[in-house]
Amino acid sequence: MLWATRTFNLRLYQRLIFAVPHNLRIKLKLSSLSVPQGSCSLDEDCDDFLPWLEQKAGAKISSVLSIGKSAYGRSLFASKTIQTGEYILKVPYCVEITPDNLLPEIKSLLGDEVGNIAKLAIVVLVEQKLGQKSEWAPYISRLPQHGEMHNTIFWSKGELGMIHQSSVYQEAINQKSQIEKDFWAIKPALQRIPELLGDITYKDFMHACALVGSRAWGSTRGLSLIPFADFLNHDGASESIVLSDEDKQVSEVIADRNYGPGEQVLIRYGKFPNATLMLDFGFSLPYNIHDQVQIQFTIPCDDILREMKIELLQRHHIQTKDVNSFNSSVESFTIKEVRSAKGKGRGLPQSLRAFARVLSCTTPEELSDLSSEATQNDGRLARRPLKNRSKEIQAHEILLLRITQIMEEYNAAMKPLAPVSSSSMCEKLALRKQIARDLLGGELHVLKSASAWLSNYCATLSSSAYHWEDIGDYRTIPG
């Protein structure tokens, strides 16, 4: 069986290794929208890496890839022509690093609250401490060093201020806080083995967690660092992913398109927005088709029906996998790009529109009608367009006003991030400003698409005969 992911488990996203039945592999969509890559610049420091790994594995790992350097850092390039559907690497499980590599004397000291991220980070720290005595030294020594990573946990308070408008700002703070909590949970165990881990600092642990979070894949075996495979860089449009063959005990990658000699070979870590890419990997894309934005709505404190609305929302809260369900007076919703201003509004969650319909109610009778309608149907609240045209328009104008306000905040935040020619600006800050621009620009693009759809929806209702039964098919729209 084949399975596969990649990322921190502190978030919903994870870089997975997908398991796919053998007879389905040839049916995978083998195409990519990757942009052509520049020529290969071989990394002479890594000439001996693949031979070392293959010797350790006792098996051939790749005959078509070589390690080089690109604008993304260390990368893998085609050393010869690669055909679509061809296996480009196979890394045996025996040369992958997992929490099972943790020394028994350390494992016995860790409590149940210590997760796989922290455990694998400790494995990395131990191997780093062993230096050239480590059996993994050729791999560990080639991982990014302190100061070379740009995940948001390494951003200063001022740098995080550049993305204050985005939900990523708080997520970065929460992520850093969780790592600190994990560090203090494992600190007593580290101090029990002072000759090996006694001088490990919080910064050391945070760096190791970032290495694991950005390079490890999640699979049926938990988390795995996969040497050589983790030199592959990300293309959100690629169909190539890391697969795990449980029968053959290998992780493998299949090319999703043809590559000529010298072309950089890319895979997809996951369908991640820039928010995830910068939080967990330390980079962004100028245009990311998977971008999304989180917005919050609250029921105003001066709303005379506030308590009734809160009770109604909570009563009809359905425990599902939908992250946009109701549960309080403050709701967070995830908006994705609305591809067409004249379509059904896919990208705007139905739960967001429902919340706005509840907000627009001004009488107890209107709330009672919404409750009765939900009970008579599938239990979901306010998913049908309101029968009163002016109320339906008002509900969506509430959304439009809020999104317009957020767009203005984003535009203001992006002005100081405009590119400037300055030799005095350090390379690190310039790069992080670019990442911030990509994040805010992508989220602003999503907000603009939602605004365009809402404007068109309200205009359509205002200028045409209104039959609520005809306003889209709410049952076919996710959310």
Side-chain angles (χ1 to χ4, degrees), residues 2-7 14-20 25 28 32 34 37 40 43 46 48-70 72-79 82 85-101 120 123-124 127 136 138-144 211-236 238-246 248-257 259 263-270 272 280-281 283:
L2 286 172
W3 203 74
T5 14
R6 202 168 182 167
T7 311
Q14 205 174 13
R15 188 168 75 164
L16 293 169
I17 307 174
F18 291 96
V20 182
R25 291 187 211 175
L28 292 174
S32 172
S34 303
Q37 300 300 312
C40 171
D43 189 344
C46 291
D48 60 345
F49 182 82
L50 187 56
W52 162 80
L53 190 62
E54 290 178 333
Q55 182 180 17
K56 186 175 180 63
K60 192 69 177 176
I61 289 175
S62 179
S63 60
V64 297
L65 296 175
S66 58
I67 303 172
K69 296 178 181 178
S70 72
Y72 307 113
R74 189 164 284 128
S75 312
L76 293 185
F77 292 83
S79 56
I82 296 174
E86 182 178 349
Y87 286 91
I88 58 176
L89 64 79
K90 294 185 179 184
V91 181
Y93 287 177
C94 64
V95 289
E96 297 180 9
I97 305 176
T98 73
D100 290 337
N101 290 82
L120 193 48
V123 173
V124 171
E127 301 303 328
W136 299 100
Y139 172 65
I140 296 296
S141 64
R142 288 177 171 88
L143 295 177
L211 287 174
V212 171
S214 61
R215 307 187 77 82
W217 274 269
S219 72
T220 54
R221 295 172 294 119
L223 282 177
S224 301
L225 286 169
I226 309 177
F228 194 68
D230 63 3
F231 294 158
L232 287 162
N233 287 313
H234 170 74
D235 173 13
S238 174
E239 294 292 339
S240 284
I241 53 179
V242 175
L243 302 168
S244 180
D245 190 322
E246 297 292 344
K248 296 181 180 180
Q249 297 283 287
V250 297
S251 298
E252 53 196 25
V253 175
I254 304 173
D256 70 330
R257 68 175 181 88
Y259 286 93
E263 280 192 89
Q264 185 179 176
V265 178
L266 301 170
I267 63 171
R268 188 182 72 229
Y269 296 170
F272 296 147
D280 297 344
F281 302 98
F283 70 90

(Q) Working note: Ser62 + Lys90, criterion side-chain contact (heavy atoms from CB on, under 4.5 Å); need CA distance, chi angles, decisive distance, verdict. (A) CA-CA 7 Å; Ser62 179; Lys90 294 185 179 184; over 6 Å; no

Q: Output the distance between atom CD (Gln264) and atom OH (Tyr259), rounded to the nearest 0.5 Å.
A: 8.5 Å

Q: State, to 0.1 Å, how close Phe49 and Tyr139 come at their nearest heavy-atom pair, and which atoms those are.
A: CE1-CA, 3.6 Å

Q) If you round to the nearest 0.5 Å, how far is CD1 of Ile82 from CD of Glu263? A) 9.0 Å

Q.
Do Phe283 and Asn233 have side chains that approach each other closer than 4.5 Å (heavy atoms only, starting at C-beta)?
A. no

Q. CH2/Trp136 to CH2/Trp52 distance, rounded to the nearest 0.5 angstrom?
A. 6.0 Å

Q.
For the CG atom of Leu65 and the CG atom of Leu50, what is their distance to the nearest 0.5 Å?
A. 8.5 Å

Q: Return the minimal non-hydrogen interatomic distance between Ile61 and Pro92, and the atom names on each side.
A: CG1-CD, 4.1 Å

Q. Does a donor on one side chain and an acceptor on the other come within less than 3.5 Å for Asp235 and Tyr269?
A. no

Q.
If we ignore hydrogens and angles and just use 3.5 Å, is the side chain of Ser240 paired with the main-chain N or O of Ile254 as donor and acceptor?
A. yes

Q) Would you say the side-chain atoms of Ser79 pair up with the backbone N or O of Ser66, donor to acceptor, closer than 3.5 Å? A) no

Q | Considering all heavy atoms, the nearest Val123-Thr98 contact | A | CG2-O, 4.1 Å

Q: Would you please say whether a donor-acceptor pair under 3.5 Å links the side chains of Ser75 and Ser70?
A: yes

Q. For the residue pair Arg74 and Cys46, what are the closest heavy atoms and their distance?
A. NE-SG, 3.3 Å

**Q.** Asp280 and Ser214 side chains, donor-acceptor separation under 3.5 Å
**A.** no

Q.
Between Arg257 and Glu86 (salt bridge meaning N to carboxylate O under 4.0 Å), is one present in this structure?
A. no

**Q.** Pro138 side chain reached by Lys56 side chain, heavy atoms, under 4.5 Å
**A.** no

Q: State the CG-CD distance between Leu89 and Glu252, to the nearest 0.5 angstrom.
A: 8.5 Å

Q: Apply side-chain contact (heavy atoms from CB on, under 4.5 Å) to Ile241 and Ile267, showing your working.
A: CA-CA 6 Å; Ile241 53 179; Ile267 63 171; 6.0 Å; no

Q. Nearest 0.5 Å, what's the CZ-NE2 distance between Arg268 and His234?
A. 8.5 Å

**Q.** Evaluation steps, side-chain contact (heavy atoms from CB on, under 4.5 Å), between Leu232 and Leu266
**A.** CA-CA 6 Å; Leu232 287 162; Leu266 301 170; over 6 Å; no

Q: Of all the heavy-atom pairs spanning Pro227 and Val95, show the shortest one and how long it is.
A: CD-O, 3.2 Å

Q. Any side-chain donor paired with an acceptor under 3.5 Å for Ser224 and Tyr93?
A. no

Q: Check step by step if side-chain contact (heavy atoms from CB on, under 4.5 Å) holds for Val265 and Ile88.
A: CA-CA 9 Å; Val265 178; Ile88 58 176; 3.6 Å; yes

Q: List the atom of Trp217, the atom of Ala229, and the distance in Å for their closest heavy-atom pair.
A: CH2-O, 3.7 Å

